[in-house]
Amino acid sequence: MEVKVNKGTLSLVQGDITQEETEAIVNAANSRLAGGAGVDGAIHRAGGPSIMDECRQIGGCPTGQAVITTAGKLKARYVIHTVGPVYRGGGRGEANLLRSAYAESLKLASLRKLKSVAFPAISTGVYSYPLGEAARIALKTAVEYLRSHEDIELIRFVLFDRGTYEVFVEELRKIL
Ligand code: AR6
């Protein structure tokens, strides 16, 4: 599914983010930038050890913030590592932290003058964020960004499985 928002495009696809050709892909990292399971493991495996070397130099990233490295062997030029919240019932600022993870990633892409960015569904795997609410926050943050900025031309969500893709499609229809 693809929609125009202001001057930009918001795109939803099912797939593997390590294969994306956007200028940057976003990693759902942990605050130590130590690598792990899920999309984080897949990005480090596919990109090779130079990404971890840069992560070690940076040292860490607080929840809701983002840092950037080059992308090793990946087709993308950069990896933006952001840290979503661990979901613990919703009363610990999780929604704001998840919004911030998306917004800070977009800010960083914008600072580097990047035109296209791909996101996974941050926090919805190991960090257990309920999918519908996480999708709503992700999509609203992306739509708001495209409505208020004209630098980034493409924001793509790359959803790993069919079920996640379908929830994102449903939530995007509600928002528009
Ligand atoms: N491409 C796109 N999406 C993927 C891929 C892929 N190759 N692989 C998995 N996903 P998760 P989190 C989806 O657990 O919840 C790690 O250990 C997955 O199906 O990767 O933010 C980190 O080091 C799910 O929909 O990230 C942290 O410790 C989504 O990506 C922790 O997990 C996010 O799931 C972060 O947990």
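Indexing begins at 1, ligand by ligand and atom by atom, following the structure's order. Bear in mind that the values here come from a model prediction, so they are computed numbers and not experimental data. Throughout, residue positions are numbered sequentially from 1 according to the sequence presented. Any value given below was found using the heavy atoms of this structure, including those in side chains, with hydrogens, waters and symmetry copies removed.
Judged purely by distance below 3.5 Å, without hydrogens or angles, the side chains of N6 and Y145 never pair a donor atom with an acceptor atom. A side-chain N or O of T69 and one of H81 form a donor-acceptor pair less than 3.5 Å apart.
Against a heavy-atom cut-off of under 4.0 Å, G36 is close to the following atoms of ligand 1: 17 (O), 23 (O). Interface atoms of ligand 1 facing A28, defined by a heavy-atom separation under 4.0 Å, are 21 (O), 22 (C), 26 (O), 35 (C). Listed by number with element, the atoms of ligand 1 under 4.0 Å from a non-hydrogen atom of G38 are 8 (N), 9 (C), 20 (O).
In this structure, the protein non-hydrogen atom closest to atom 22 (C) of ligand 1 is D40 OD2, 3.4 Å. In terms of protein heavy-atom proximity, atom 15 (O) of ligand 1 is closest to G125 N, 2.8 Å. Annotation: atom 3 (N) of ligand 1 to nearest protein heavy atom, F160 CB, 3.5 Å. For atom 36 (O) of ligand 1, the closest non-hydrogen atom of the protein is Y127 CG, 3.4 Å. V126 N, 2.8 Å is the protein heavy atom nearest to atom 14 (O) of ligand 1. Among all protein heavy atoms, the one lying closest to atom 16 (C) of ligand 1 is A37 O, 3.4 Å. Scanning all protein heavy atoms for the shortest distance to atom 29 (C) of ligand 1 gives A121 O, 3.3 Å. When hydrogens are left out, the protein atom nearest atom 7 (N) of ligand 1 is D16 OD1, 2.8 Å; that is the closest non-hydrogen contact.
When the heavy atoms of L159, V167, L33, V39 are ranked by distance to atom 9 (C) of ligand 1, first place goes to V39. Among T124, N30, L98, the residue whose heavy atom sits closest to atom 25 (O) of ligand 1 is T124.
Ligand 1 has G35 within reach: a non-hydrogen atom of the residue lies less than 4.0 Å from it.
The N/O atoms of I122, backbone and side chain alike, include none that comes under 3.5 Å of an N/O atom in ligand 1.
The number of heavy-atom neighbours closer than 6.0 Å to CD of E170, taken from other residues, nucleotides and ligands shown, is above 12.
In summary, of the residues considered (E21, E23, E20), a side-chain contact (heavy atoms from CB on, under 4.5 Å) with K75 occurs for E21 alone.
When ring centroids are compared, Y127 and Y87 stay outside the 6.0 Å threshold.
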